[in-house]
There are 2 protein chains.
Amino acid sequence: MLLSKSCVYGVQAAIYMASLPRNEYVSIQEIAGKLNISFHFLTKVLQNLTQAKLLMSYRGPNGGVALARQASDISLADVIEAIDGGDIFKECLFGLPGCGVADPCPAHENWTSMRSRLQHLCTSLTLEELGKRANQLNVRLANADAPMNPAMLLAAINSKGKPVETK
Amino acid sequence: MLLSKSCVYGVQAAIYMASLPRNEYVSIQEIAGKLNISFHFLTKVLQNLTQAKLLMSYRGPNGGVALARQASDISLADVIEAIDGGDIFKECLFGLPGCGVADPCPAHENWTSMRSRLQHLCTSLTLEELGKRANQLNVRLANADAPMNPAMLLAAINSKGKPVETK
DNA sequence: ATTTATTCAGACAAAATACTCTTAATACAA
DNA sequence: TTGTATTAAGAGTATTTTGTCTGAATAAAT
Ligand code: SF4
Ligand code: SF4
(Lines give C-alpha, C1' and ligand atoms only; values in the text may rest on other atoms or scores of the structure.)
(Ligands and ions follow the chains in the order given, each with its own letter.)
Protein backbone atom coordinates (compact mmCIF):
# COMPACT_ATOMS: atom_id res chain seq x y z
CA MET A 1 0.00 0.00 0.00
CA LEU A 2 1.21 3.46 -0.82
CA LEU A 3 0.24 5.11 2.46
CA SER A 4 0.69 3.62 5.91
CA LYS A 5 -2.45 2.93 7.90
CA SER A 6 -1.56 5.70 10.31
CA CYS A 7 -1.50 8.05 7.37
CA VAL A 8 -4.82 6.84 6.04
CA TYR A 9 -6.41 7.38 9.43
CA GLY A 10 -4.95 10.87 9.66
CA VAL A 11 -6.24 11.79 6.23
CA GLN A 12 -9.69 10.44 6.99
CA ALA A 13 -9.83 12.38 10.24
CA ALA A 14 -8.65 15.57 8.57
CA ILE A 15 -11.28 15.31 5.87
CA TYR A 16 -13.91 14.57 8.48
CA MET A 17 -13.01 17.73 10.36
CA ALA A 18 -13.02 19.72 7.16
CA SER A 19 -16.48 18.40 6.37
CA LEU A 20 -18.00 19.92 9.49
CA PRO A 21 -19.97 23.14 9.02
CA ARG A 22 -17.85 25.05 11.56
CA ASN A 23 -14.24 24.53 12.58
CA GLU A 24 -14.64 23.85 16.29
CA TYR A 25 -13.01 21.41 18.68
CA VAL A 26 -14.13 17.85 18.10
CA SER A 27 -13.18 15.06 20.48
CA ILE A 28 -10.96 12.36 19.09
CA GLN A 29 -13.41 9.86 20.50
CA GLU A 30 -16.12 11.24 18.24
CA ILE A 31 -13.88 11.08 15.20
CA ALA A 32 -12.71 7.57 16.02
CA GLY A 33 -16.30 6.46 16.46
CA LYS A 34 -17.45 7.97 13.18
CA LEU A 35 -14.55 6.62 11.21
CA ASN A 36 -14.48 3.24 12.91
CA ILE A 37 -10.87 3.58 14.02
CA SER A 38 -9.28 2.62 17.32
CA PHE A 39 -9.48 5.65 19.59
CA HIS A 40 -6.05 5.18 21.13
CA PHE A 41 -4.37 4.66 17.81
CA LEU A 42 -6.04 7.67 16.25
CA THR A 43 -4.99 9.74 19.23
CA LYS A 44 -1.36 9.07 18.48
CA VAL A 45 -1.78 9.77 14.81
CA LEU A 46 -3.49 13.08 15.46
CA GLN A 47 -0.75 14.02 17.89
CA ASN A 48 1.55 14.01 14.87
CA LEU A 49 -0.74 16.39 13.07
CA THR A 50 -0.92 18.63 16.14
CA GLN A 51 2.86 18.73 16.42
CA ALA A 52 3.06 19.54 12.73
CA LYS A 53 0.79 22.53 13.46
CA LEU A 54 -1.92 21.28 11.16
CA LEU A 55 -4.26 20.73 14.09
CA MET A 56 -4.68 22.53 17.36
CA SER A 57 -5.74 20.64 20.44
CA TYR A 58 -7.41 21.50 23.68
CA ARG A 59 -7.55 19.33 26.75
CA GLY A 60 -10.34 19.00 29.25
CA PRO A 61 -14.11 18.91 28.84
CA ASN A 62 -15.41 20.22 25.54
CA GLY A 63 -11.86 19.98 24.26
CA GLY A 64 -10.66 18.05 21.29
CA VAL A 65 -8.87 18.85 18.08
CA ALA A 66 -9.58 21.35 15.33
CA LEU A 67 -7.92 22.48 12.14
CA ALA A 68 -5.16 24.95 12.93
CA ARG A 69 -5.46 26.71 9.58
CA GLN A 70 -8.22 27.26 7.11
CA ALA A 71 -9.25 24.09 5.34
CA SER A 72 -8.47 25.81 2.05
CA ASP A 73 -4.91 26.27 3.25
CA ILE A 74 -4.20 22.61 4.07
CA SER A 75 -3.47 20.18 1.29
CA LEU A 76 -3.74 16.44 1.25
CA ALA A 77 0.01 16.40 0.79
CA ASP A 78 0.46 18.41 4.01
CA VAL A 79 -1.33 15.74 5.99
CA ILE A 80 0.44 12.86 4.29
CA GLU A 81 3.86 14.37 4.78
CA ALA A 82 3.18 15.16 8.43
CA ILE A 83 2.54 11.49 9.13
CA ASP A 84 4.47 9.41 6.65
CA GLY A 85 7.26 11.88 6.11
CA GLY A 86 8.07 13.90 3.02
CA ASP A 87 9.85 11.03 1.32
CA ILE A 88 6.64 9.63 -0.11
CA PHE A 89 6.91 11.99 -3.06
CA LYS A 90 10.66 11.59 -3.43
CA GLU A 91 10.76 7.87 -2.96
CA CYS A 92 11.30 5.35 -5.65
CA LEU A 93 8.96 2.83 -7.17
CA PHE A 94 11.58 0.32 -6.17
CA GLY A 95 12.28 1.83 -2.78
CA LEU A 96 15.97 2.19 -3.44
CA PRO A 97 17.64 4.90 -1.43
CA GLY A 98 19.83 7.59 -2.86
CA CYS A 99 19.37 7.04 -6.55
CA GLY A 100 18.62 9.76 -9.02
CA VAL A 101 19.51 11.21 -12.37
CA ALA A 102 23.23 10.48 -12.06
CA ASP A 103 22.72 6.77 -11.60
CA PRO A 104 19.19 5.87 -12.55
CA CYS A 105 17.55 2.52 -13.09
CA PRO A 106 15.82 1.63 -16.37
CA ALA A 107 12.44 2.83 -15.21
CA HIS A 108 13.51 6.14 -13.74
CA GLU A 109 12.12 8.50 -16.37
CA ASN A 110 8.75 6.82 -16.35
CA TRP A 111 8.57 6.71 -12.61
CA THR A 112 9.53 10.30 -11.89
CA SER A 113 6.94 11.64 -14.27
CA MET A 114 4.36 9.43 -12.62
CA ARG A 115 5.48 10.51 -9.19
CA SER A 116 5.31 14.19 -9.94
CA ARG A 117 1.76 13.79 -11.20
CA LEU A 118 0.87 12.12 -7.94
CA GLN A 119 2.54 14.84 -5.93
CA HIS A 120 0.79 17.52 -7.91
CA LEU A 121 -2.53 15.85 -7.28
CA CYS A 122 -1.94 15.67 -3.54
CA THR A 123 -0.69 19.22 -3.18
CA SER A 124 -3.56 20.65 -5.16
CA LEU A 125 -6.29 18.76 -3.32
CA THR A 126 -7.21 20.89 -0.30
CA LEU A 127 -9.10 19.77 2.76
CA GLU A 128 -11.73 22.33 1.90
CA GLU A 129 -12.35 20.69 -1.45
CA LEU A 130 -12.34 17.21 0.05
CA GLY A 131 -14.58 18.26 2.90
CA LYS A 132 -17.08 19.74 0.45
CA ARG A 133 -17.17 16.59 -1.56
CA ALA A 134 -17.55 14.52 1.60
CA ASN A 135 -20.73 16.42 2.34
CA GLN A 136 -22.30 15.36 -0.91
CA LEU A 137 -24.50 12.35 -1.14
CA ASN A 138 -23.18 8.78 -1.21
CA VAL A 139 -19.72 9.79 -0.18
CA ARG A 140 -17.94 8.24 2.71
CA LEU A 141 -14.71 8.35 4.60
CA ALA A 142 -14.56 5.26 6.72
CA ASN A 143 -14.18 1.59 6.12
CA ALA A 144 -17.66 0.15 5.84
CA ASP A 145 -16.68 -3.14 7.46
CA ALA A 146 -17.69 -3.88 11.04
CA PRO A 147 -20.85 -1.74 11.11
CA MET A 148 -20.88 -1.40 14.92
CA ASN A 149 -17.87 -1.68 17.19
CA PRO A 150 -17.19 -0.88 20.84
CA ALA A 151 -15.70 2.52 20.07
CA MET A 152 -18.83 3.61 18.24
CA LEU A 153 -21.05 2.34 21.02
CA LEU A 154 -18.94 4.20 23.56
CA ALA A 155 -19.13 7.36 21.50
CA ALA A 156 -22.89 6.98 21.33
CA ILE A 157 -23.10 6.50 25.09
CA ASN A 158 -20.84 9.44 25.78
CA SER A 159 -22.92 11.73 23.65
CA LYS A 160 -25.32 11.98 26.60
CA GLY A 161 -28.51 11.20 24.81
CA LYS A 162 -28.17 13.61 21.94
CA PRO A 163 -27.66 11.88 18.59
CA VAL A 164 -24.10 11.00 17.63
CA GLU A 165 -24.45 13.04 14.47
CA THR A 166 -23.07 16.52 15.04
CA LYS A 167 -23.09 18.04 11.59
CA MET B 1 6.19 2.00 -0.25
CA LEU B 2 4.03 1.05 -3.18
CA LEU B 3 5.62 -2.33 -3.90
CA SER B 4 6.67 -4.86 -1.29
CA LYS B 5 10.36 -5.66 -1.04
CA SER B 6 9.74 -9.13 -2.40
CA CYS B 7 8.20 -7.52 -5.43
CA VAL B 8 11.07 -5.10 -5.89
CA TYR B 9 13.54 -7.96 -5.78
CA GLY B 10 11.52 -9.92 -8.30
CA VAL B 11 11.37 -6.98 -10.67
CA GLN B 12 15.08 -6.33 -10.37
CA ALA B 13 15.87 -9.96 -11.05
CA ALA B 14 13.54 -10.08 -14.03
CA ILE B 15 15.12 -6.99 -15.55
CA TYR B 16 18.56 -8.42 -14.91
CA MET B 17 17.66 -11.58 -16.78
CA ALA B 18 16.18 -9.57 -19.61
CA SER B 19 19.38 -7.56 -19.84
CA LEU B 20 21.48 -10.62 -20.66
CA PRO B 21 22.40 -11.11 -24.31
CA ARG B 22 20.88 -14.60 -24.44
CA ASN B 23 18.03 -16.09 -22.47
CA GLU B 24 19.78 -19.00 -20.77
CA TYR B 25 19.63 -20.46 -17.29
CA VAL B 26 21.24 -18.22 -14.70
CA SER B 27 21.77 -19.37 -11.14
CA ILE B 28 19.87 -17.50 -8.47
CA GLN B 29 23.14 -17.18 -6.61
CA GLU B 30 24.58 -15.15 -9.45
CA ILE B 31 21.54 -12.90 -9.60
CA ALA B 32 21.51 -12.42 -5.84
CA GLY B 33 25.20 -11.57 -5.91
CA LYS B 34 24.82 -9.04 -8.71
CA LEU B 35 21.80 -7.39 -7.21
CA ASN B 36 23.02 -7.52 -3.64
CA ILE B 37 20.01 -9.42 -2.37
CA SER B 38 19.85 -12.30 0.10
CA PHE B 39 20.14 -15.50 -1.90
CA HIS B 40 17.60 -17.45 0.14
CA PHE B 41 15.08 -14.67 0.07
CA LEU B 42 15.41 -14.16 -3.66
CA THR B 43 14.98 -17.88 -4.15
CA LYS B 44 11.57 -17.75 -2.58
CA VAL B 45 10.56 -14.71 -4.57
CA LEU B 46 11.62 -16.27 -7.85
CA GLN B 47 9.69 -19.42 -6.98
CA ASN B 48 6.60 -17.25 -7.21
CA LEU B 49 7.59 -16.15 -10.68
CA THR B 50 8.26 -19.73 -11.68
CA GLN B 51 4.87 -20.85 -10.43
CA ALA B 52 3.30 -17.96 -12.32
CA LYS B 53 4.95 -19.36 -15.47
CA LEU B 54 6.97 -16.21 -16.01
CA LEU B 55 10.21 -18.07 -15.34
CA MET B 56 11.29 -21.62 -15.97
CA SER B 57 13.71 -23.32 -13.61
CA TYR B 58 16.15 -26.18 -13.87
CA ARG B 59 17.79 -27.93 -10.95
CA GLY B 60 21.28 -29.34 -10.73
CA PRO B 61 24.62 -28.10 -12.00
CA ASN B 62 24.41 -25.44 -14.71
CA GLY B 63 20.77 -25.04 -13.79
CA GLY B 64 19.05 -21.89 -12.67
CA VAL B 65 16.18 -19.79 -13.86
CA ALA B 66 15.37 -18.24 -17.22
CA LEU B 67 12.55 -16.24 -18.71
CA ALA B 68 9.74 -18.57 -19.73
CA ARG B 69 8.51 -16.27 -22.49
CA GLN B 70 10.11 -13.71 -24.70
CA ALA B 71 11.17 -10.60 -22.82
CA SER B 72 8.98 -8.57 -25.17
CA ASP B 73 6.01 -10.63 -24.04
CA ILE B 74 6.41 -10.01 -20.29
CA SER B 75 5.35 -6.69 -18.82
CA LEU B 76 6.40 -5.06 -15.60
CA ALA B 77 2.81 -5.47 -14.47
CA ASP B 78 3.03 -9.23 -15.05
CA VAL B 79 5.92 -9.49 -12.62
CA ILE B 80 4.35 -7.19 -10.06
CA GLU B 81 1.05 -9.01 -10.11
CA ALA B 82 2.71 -12.41 -9.82
CA ILE B 83 4.35 -11.37 -6.56
CA ASP B 84 2.20 -8.74 -4.89
CA GLY B 85 -1.08 -9.93 -6.34
CA GLY B 86 -3.31 -8.22 -8.86
CA ASP B 87 -4.86 -5.92 -6.31
CA ILE B 88 -2.09 -3.35 -6.59
CA PHE B 89 -3.84 -1.78 -9.55
CA LYS B 90 -7.30 -2.13 -8.09
CA GLU B 91 -6.42 -1.05 -4.61
CA CYS B 92 -7.24 2.27 -3.08
CA LEU B 93 -5.04 5.15 -2.13
CA PHE B 94 -6.53 4.72 1.30
CA GLY B 95 -6.37 0.95 1.31
CA LEU B 96 -10.05 0.61 2.02
CA PRO B 97 -11.53 -2.66 0.84
CA GLY B 98 -14.63 -2.97 -1.23
CA CYS B 99 -15.32 0.61 -2.14
CA GLY B 100 -16.06 1.84 -5.60
CA VAL B 101 -18.27 4.04 -7.70
CA ALA B 102 -21.44 3.28 -5.74
CA ASP B 103 -20.04 4.51 -2.45
CA PRO B 104 -16.88 6.47 -3.16
CA CYS B 105 -14.79 8.68 -0.91
CA PRO B 106 -14.10 12.32 -1.78
CA ALA B 107 -10.87 11.53 -3.60
CA HIS B 108 -12.11 8.65 -5.67
CA GLU B 109 -12.23 10.30 -9.08
CA ASN B 110 -8.74 11.71 -8.72
CA TRP B 111 -7.31 8.48 -7.46
CA THR B 112 -8.76 6.15 -10.07
CA SER B 113 -7.48 8.28 -12.91
CA MET B 114 -4.05 8.29 -11.28
CA ARG B 115 -4.17 4.57 -10.72
CA SER B 116 -5.10 3.76 -14.29
CA ARG B 117 -2.17 5.83 -15.52
CA LEU B 118 0.11 3.82 -13.28
CA GLN B 119 -1.37 0.56 -14.48
CA HIS B 120 -1.01 1.61 -18.08
CA LEU B 121 2.62 2.48 -17.50
CA CYS B 122 3.35 -0.90 -15.90
CA THR B 123 1.55 -2.94 -18.53
CA SER B 124 3.21 -1.14 -21.39
CA LEU B 125 6.74 -1.41 -20.00
CA THR B 126 8.12 -4.75 -21.18
CA LEU B 127 11.11 -6.57 -19.81
CA GLU B 128 12.70 -6.29 -23.23
CA GLU B 129 12.51 -2.52 -23.09
CA LEU B 130 13.75 -2.40 -19.50
CA GLY B 131 16.54 -4.86 -20.25
CA LYS B 132 17.69 -2.75 -23.18
CA ARG B 133 17.80 0.34 -21.08
CA ALA B 134 19.65 -1.50 -18.33
CA ASN B 135 22.41 -2.23 -20.82
CA GLN B 136 22.98 1.42 -21.45
CA LEU B 137 25.59 3.37 -19.59
CA ASN B 138 25.13 4.63 -16.05
CA VAL B 139 22.10 2.54 -15.45
CA ARG B 140 21.76 0.21 -12.56
CA LEU B 141 19.38 -2.24 -10.98
CA ALA B 142 20.60 -2.86 -7.49
CA ASN B 143 20.84 -0.91 -4.32
CA ALA B 144 24.27 0.71 -4.28
CA ASP B 145 24.66 0.39 -0.52
CA ALA B 146 26.94 -2.22 0.96
CA PRO B 147 29.38 -2.46 -1.96
CA MET B 148 30.62 -5.95 -1.02
CA ASN B 149 28.67 -8.52 0.96
CA PRO B 150 29.09 -12.22 1.73
CA ALA B 151 26.74 -13.31 -1.05
CA MET B 152 28.77 -11.47 -3.65
CA LEU B 153 32.02 -12.90 -2.33
CA LEU B 154 30.54 -16.37 -2.40
CA ALA B 155 29.34 -15.85 -5.94
CA ALA B 156 32.83 -14.74 -6.90
CA ILE B 157 34.37 -17.78 -5.25
CA ASN B 158 31.89 -20.13 -6.86
CA SER B 159 32.60 -18.78 -10.30
CA LYS B 160 35.77 -20.93 -10.29
CA GLY B 161 38.23 -18.31 -11.32
CA LYS B 162 36.39 -16.92 -14.28
CA PRO B 163 35.15 -13.38 -13.72
CA VAL B 164 31.73 -12.99 -12.12
CA GLU B 165 30.55 -11.00 -15.11
CA THR B 166 28.70 -13.28 -17.47
CA LYS B 167 27.21 -10.92 -20.01
C1' DA C 1 27.97 -44.69 -7.97
C1' DT C 2 29.42 -40.59 -5.81
C1' DT C 3 29.97 -35.88 -5.52
C1' DT C 4 28.51 -31.36 -6.48
C1' DA C 5 25.52 -27.53 -7.93
C1' DT C 6 21.40 -26.17 -8.10
C1' DT C 7 16.11 -25.23 -7.13
C1' DC C 8 12.18 -26.49 -3.87
C1' DA C 9 9.89 -26.44 0.51
C1' DG C 10 9.09 -25.00 4.74
C1' DA C 11 10.43 -24.01 9.61
C1' DC C 12 12.31 -20.44 12.12
C1' DA C 13 13.99 -15.59 13.62
C1' DA C 14 14.19 -10.69 13.39
C1' DA C 15 12.35 -6.33 12.37
C1' DA C 16 8.85 -3.22 11.24
C1' DT C 17 4.19 -1.94 11.64
C1' DA C 18 -0.19 -1.75 13.76
C1' DC C 19 -2.76 -1.68 17.76
C1' DT C 20 -3.89 -1.57 23.05
C1' DC C 21 -3.54 -0.03 27.51
C1' DT C 22 -2.15 2.68 31.48
C1' DT C 23 -0.87 6.81 33.54
C1' DA C 24 -0.29 11.73 33.62
C1' DA C 25 -1.52 16.52 32.50
C1' DT C 26 -5.00 19.88 31.72
C1' DA C 27 -9.09 22.48 32.02
C1' DC C 28 -13.96 22.98 32.54
C1' DA C 29 -18.05 22.65 35.64
C1' DA C 30 -20.53 22.02 39.74
C1' DT D 1 -12.14 21.97 45.63
C1' DT D 2 -13.58 17.93 43.70
C1' DG D 3 -15.02 15.38 39.82
C1' DT D 4 -15.01 14.60 34.96
C1' DA D 5 -13.77 14.90 30.09
C1' DT D 6 -10.34 15.35 27.37
C1' DT D 7 -5.48 15.14 25.00
C1' DA D 8 -0.31 13.71 25.84
C1' DA D 9 3.08 10.36 26.45
C1' DG D 10 4.86 6.21 26.34
C1' DA D 11 5.06 1.27 27.63
C1' DG D 12 3.54 -2.98 26.14
C1' DT D 13 1.36 -6.52 22.84
C1' DA D 14 -0.01 -8.49 18.36
C1' DT D 15 0.40 -8.99 13.59
C1' DT D 16 2.67 -8.67 9.30
C1' DT D 17 6.67 -8.40 6.66
C1' DT D 18 11.26 -9.45 5.87
C1' DG D 19 15.04 -12.27 6.18
C1' DT D 20 17.73 -16.76 7.59
C1' DC D 21 18.54 -21.38 7.77
C1' DT D 22 18.22 -26.39 7.16
C1' DG D 23 17.05 -30.28 4.66
C1' DA D 24 15.15 -32.55 0.56
C1' DA D 25 14.83 -33.28 -4.54
C1' DT D 26 17.04 -33.22 -8.86
C1' DA D 27 20.36 -33.55 -12.37
C1' DA D 28 24.93 -32.91 -14.26
C1' DA D 29 29.84 -34.08 -13.94
C1' DT D 30 33.33 -37.08 -12.46
S1 SF4 E 1 16.54 5.32 -10.77
FE2 SF4 E 1 14.53 6.22 -10.31
S3 SF4 E 1 13.02 4.61 -10.73
FE4 SF4 E 1 15.05 3.64 -10.64
S5 SF4 E 1 15.34 2.87 -8.57
FE6 SF4 E 1 16.17 4.96 -8.61
S7 SF4 E 1 14.53 6.43 -8.11
FE8 SF4 E 1 13.62 4.42 -8.60
S1 SF4 F 1 -13.73 5.70 -2.97
FE2 SF4 F 1 -11.92 5.36 -4.27
S3 SF4 F 1 -10.31 6.71 -3.48
FE4 SF4 F 1 -11.93 6.60 -1.92
S5 SF4 F 1 -11.35 5.00 -0.48
FE6 SF4 F 1 -12.62 4.01 -2.06
S7 SF4 F 1 -11.23 3.29 -3.73
FE8 SF4 F 1 -10.15 4.76 -2.41
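Please read these numbers as outputs of a predicted model, since none were measured by experiment. Sequence lines set the chain letters: A, B, ... in the order given, protein chains first and strands last, and positions in each chain run from 1.
Rounded to a whole Å, the CE atom of B:M56 is 13 Å from the P atom of C:dC8. One interatomic measurement links the two molecules: CD1 of B:I83 to C1' of D:dT18, which rounds to 14 Å at whole-angstrom precision. In this structure, CD of A:E30 is placed 14 Å from C1' of D:dA5, rounded to the nearest angstrom. Separating the NZ atom of A:K5 from the C1' atom of C:dT20 is a distance of 15 Å, rounded to the nearest angstrom. For the pair B:Y58 OH and D:dA25 C1', the computed distance is 14 Å after rounding to whole Å. The nearest whole Å value for the distance from the CG atom in B:L2 to the P atom in D:dT17 is 14 Å. If you measure from atom CZ of B:R59 to atom P of D:dA24, you get 14 Å, rounded to the nearest angstrom.
Looking at which nucleotide of DNA chain C each of A:S6 and A:G60 is closest to, the 5′-most match is held by A:S6.
Considering all non-hydrogen atoms of both residues, A:L42 and A:A13 come closest at CD1-CB, 4.2 Å.
Dense packing is recorded around CZ of B:R69, with more than 12 heavy atoms of other residues, nucleotides or ligands lying under 6.0 Å away.
Contacts with DNA chain D (heavy atom under 4.0 Å) in residues 40-49 of chain A: A:K44, A:Q47, listed by number.
Neither OP1 nor OP2 of C:dA27 sits under 4.0 Å from any side-chain N or O of A:N62. The shortest distance between the side-chain N/O atoms of B:S38 and the OP1/OP2 oxygens of D:dT18 is not below 4.0 Å. Distances shown here put a side-chain N or O of B:Y9 below 4.0 Å from the OP1 or OP2 atom of D:dG19. For the pair B:T50 and C:dT7, the criterion of a side-chain N or O lying under 4.0 Å from OP1 or OP2 is not met.
In this structure a side-chain-to-backbone donor-acceptor pair under 3.5 Å is present from A:N135 to A:S19. Listed for the A:R115 side chain is a donor-acceptor partner under 3.5 Å among the backbone atoms of A:K90. In this structure, the side chain of B:D84 does not engage the main chain of B:L3 through any donor-acceptor pair within 3.5 Å.
Heavy atoms of A:Y25 sit nowhere under 4.0 angstrom from any nucleic acid atom.
Residues B:I88 and B:Q119 fail the side-chain proximity criterion, which asks for heavy atoms closer than 4.5 Å.
Ring geometry for A:Y9 versus A:F41: interplanar angle over 60°, hence perpendicular rather than tilted (30 to 60°).
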